[in-house]
Amino acid sequence: MNSDQLETVLKDAEAAHRAACATPLALDLTRGKPAASQLDAANALDGILGGQFLDQDGNDTRNYGGPLGIPELRALGGAVLDAPAAQVMAGGNSSLTLMYQFVDAALRFGFGGQSPWGEGAKMLCPVPGYDRHFAIGEHLGIELIPIPMTEAGPDMDAAEAAVAADPAIKAIWCVPKYSNPTGVSVSETVTARLAALPKRAGPGFTVLWDNAYAVHDLTETPAPLPSLWAAAEREGTLDAMALFASTSKMSWAGGGVAFFASGPQTFAGFAKHLSFQMIGPDKVNQLRHARLFPTLDALKAHMAEHRALLAPKFDAVLKALDEGLGNTGLAHWTVPEGGYFVSVDLVPGTAKAVVELAAEAGVKLTPAGATHPYGQDPQDQTLRLAPSFPPLADVEAAMAVFVNCVRLAGARQRLKERR
Ligand SMILES: Cc1ncc(COP(=O)(O)O)c(C=O)c1O
């Protein structure tokens with residue numbers, strides 16, 4: 001846009017913003033939570049057991065024991081993670097908890113005879129990425145090293161160069177399918193290079209593969225995710241892989257089941273570490289999930305119900321972006337085929353301003369910087385939109401405000417740069 005066009009955009013956007021602030025909304029596009037309607041789809045969990053508490057091996061799920069989870073759910077976890085059930089554990093409701101416990105144990109104890117990561121450990125954080133991954137590392141005193149995300153997953157040239165140069169780098173985060181927040185899925189090549197990465201890295205290096213959106217497709221014909229397990233088996237690096245998933249965004253986010261898988265040494269080492277913390281997970285809830293999702297096909301049919309609820313919200317976000325910002329050069333965004341987020345790159349230097357402007361008009365956005373380690377986006381340009389939770393009409397209303405704020409802050413910044 002030339003300066004005259006930018007002046008017009010700015011003037012219109014300022015007027016629209018004044019009007020929006022006069023009758024502020026109270027809307028929230030921050031966290032990727034399932035909507036109540038999605039939670040309702042799993043309401044059969046309530047009472048599904050009908051007084052039958054035995055798992056397929058005849059064990060009473062109400063009692064202590066079974067630290068690796070019930071066999072039915074380990075099998076389901078295996079199907080979700082594309083790993084053999086024998087190498088999968090089914091735990092409590094949060095995969096994030098398992099990730100924290102895994103990283104904490106790797107740092108302090110190590111697994112399968114490996115030395116602990118110890119003081120000075122560092123981890124690679126593809127950006128933009130998931131704030132809570134970064135928070136685990138930061139909280140445990142691990143240095144966070146950003147590397148770029150590409151359209152095929154983490155930038156593997158950067159990852160390989162980094163681990164080869166610095167043996168203190170002990171892990172890389174990766175959300176392989178419909179990543180948080182870009183929606184990117186890893187390619188076959190990136191998967192193969194991730195599986196081989198531990199061979200270039202210092203001892204104890206682990207790929208933290210958080211497959212949180214394994215079955216969260218927004219299209220009817222999703223591309224299959226390459227198998228990390230098969231690739232790592234070929235490379236002989238299974239013990240350097242830590243795979244995570246959960247049913248949080250399949251059934252109930254506050255009452256689901258989390259999964260972990262790894263090679264034999266690391267699996268046994270982590271299970272032993274957990275045995276000091278619990279006698280067994282909530283197997284009753286696992287059995288309820290086994291009844292609701294007896295097969296992967298049943299789970300996929302359930303996720304088709306989620307798709308029907310979610311796809312219109314994503315369509316509304318993309319329509320608003322296209323109509324309000326297409327051809328302006330003031331923003332670029334991802335068009336995810338699944339997951340929970342749309343990532344928007346703004347005119348550098350305007351992300352914080354957009355969050356502030358939107359707040360003035362009553363729309364809460366995820367804080368600028370949340371997609372980067374230490375909450376610092378050096379370009380101040382990336383924002384994450386999470387449209388799953390609000391009703392469709394609210395998503396539409398919030399997006400109208402968002403788009404206007406991007407036009408306002410973007411035009412202002414561009415004009416400032418030209419002066
Ligand atoms: C990439 C990713 N991993 C993990 C989680 C949280 O998973 P859980 O509910 O199993 O702890 C989220 C939630 O937004 C996520 O986006």
Side-chain angles (χ1 to χ4, degrees), residues 28-35 38-39 42 45 69 73 76-77 80-81 88-104 123-137 139 149 153-154 171-186 207-218 225 228 242-261 274 281-282 285-286 289 293 299 303 306 310 313-314 334 336 338-343 365-367 370-373 382-389:
D28 190 332
L29 281 188
T30 56
R31 293 238 73 100
K33 294 200 292 191
Q38 290 172 266
L39 303 175
L45 278 175
L73 254 266
L76 184 72
V80 169
L81 285 173
V88 176
M89 71 171 75
N93 79 310
S94 166
S95 62
L96 204 66
T97 303
L98 284 177
M99 290 178 232
Y100 182 94
Q101 288 169 316
F102 183 89
V103 171
D104 187 32
M123 56 176 34
L124 298 180
C125 301
V127 292
Y130 179 37
D131 52 352
R132 289 183 189 270
H133 283 165
F134 305 156
I136 288 177
H139 185 64
M149 260 313 257
I172 181 170
W173 286 110
C174 177
V175 181
K177 200 165 171 193
Y178 310 137
S179 100
N180 178 349
T182 63
V184 155
S185 298
V186 294
V207 175
L208 302 166
W209 174 271
D210 174 8
N211 203 352
Y213 300 104
V215 288
H216 303 62
D217 310 302
L218 287 168
L225 184 70
L228 180 72
L243 287 69
F244 302 91
S246 79
T247 66
S248 287
K249 295 188 187 79
M250 304 173 196
S251 58
W252 292 338
V257 179
F259 304 108
F260 165 80
L274 292 177
D282 179 351
N285 192 34
Q286 294 189 0
H289 279 77
F293 306 136
L299 174 59
M303 293 310 288
H306 279 226
L310 280 174
K313 297 182 184 179
F314 278 81
T334 55
Y340 264 54
F341 306 101
V342 174
S343 181
L365 300 172
T366 308
T371 52
H372 285 61
T382 304
L383 289 180
R384 181 187 88 164
L385 301 175
S388 58
F389 186 70

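Order of appearance sets the numbers: ligands from 1, and atoms from 1 within every ligand. Just so it is clear, the structure is predicted and the values come from calculations on it, not from any experiment.
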Mark yes or no: K33 above the aromatic ring of F389, with NZ or CZ under 6.0 Å from the six-membered ring centre and no more than 45 degrees from the axis.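 The answer is yes, since K33 meets both limits relative to F389.
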Is the cationic atom of K249 (NZ for Lys, CZ for Arg) positioned less than 6.0 Å from the six-membered ring centroid of Y340 and within 45 degrees of its normal?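 Here K249 passes the 6.0 Å and 45° test against Y340.
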Quick one: look at [X] and ligand 1, take heavy-atom pairs under 4.0 Å, and tell me if it's side chain, backbone, both or neither.
X    : result
Y213 : side chain
S94  : both
L96  : both
S95  : both
K249 : side chain

Which residue supplies the protein heavy atom nearest to [atom], what is that atom called, and how far is it?
atom                    : result
atom 9 (O) of ligand 1  : S248 OG, 2.6 Å
atom 1 (C) of ligand 1  : D210 OD2, 3.3 Å
atom 12 (C) of ligand 1 : Y130 OH, 3.2 Å

Only one of P126, S179, P154 forms a side chain to side chain contact (heavy atoms under 4.5 Å, CB included) with C174, so which one is it?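 Running side chain to side chain contact (heavy atoms under 4.5 Å, CB included) over P126, S179, P154 with C174 returns exactly one hit, P154.
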Can you see which heavy atom on N285 is nearest to which on G256, and at what distance?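 Where N285 meets G256 most closely, the heavy atoms are ND2-O, 3.1 Å.
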How close do L385 and L365 get, heavy atom to heavy atom, and via which atoms?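 It is CD2-CD2, 4.0 Å.
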If the cut-off is 4.0 Å to any non-hydrogen atom of S246, which atoms of ligand 1 fall inside it?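 Heavy-atom distances to S246 below 4.0 Å select 8 (P), 10 (O).
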Quick one: which ligand 1 atoms are inside 4.0 Å of a heavy atom on V175?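 What qualifies from ligand 1 is 1 (C).
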Can you tell me how far apart NE2 (H133) and CE (M99) are? Round to the nearest 0.5 Å.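 CE of M99 is found 4.5 Å from NE2 of H133.
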Looking only at distance, does H133 have an N or O less than 3.5 Å from an N or O of ligand 1?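 In fact, backbone or side chain, H133 has no N or O that close.
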Below 3.5 angstrom, do we get any N/O pair linking A212 and ligand 1?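 For ligand 1, there is no N or O atom that lies under 3.5 Å from one belonging to A212.
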CA sep, side-chain torsions, deciding dist, call: D217, Y178, side-chain contact (heavy atoms from CB on, under 4.5 Å): CA-CA 8 Å; D217 310 302; Y178 310 137; 2.6 Å; yes
Describe, in one word, how the ring planes of F341 and Y213 are oriented to each other, choosing from parallel (under 30°), tilted (30 to 60°) and perpendicular (over 60°).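 F341 vs Y213 ring planes: perpendicular.
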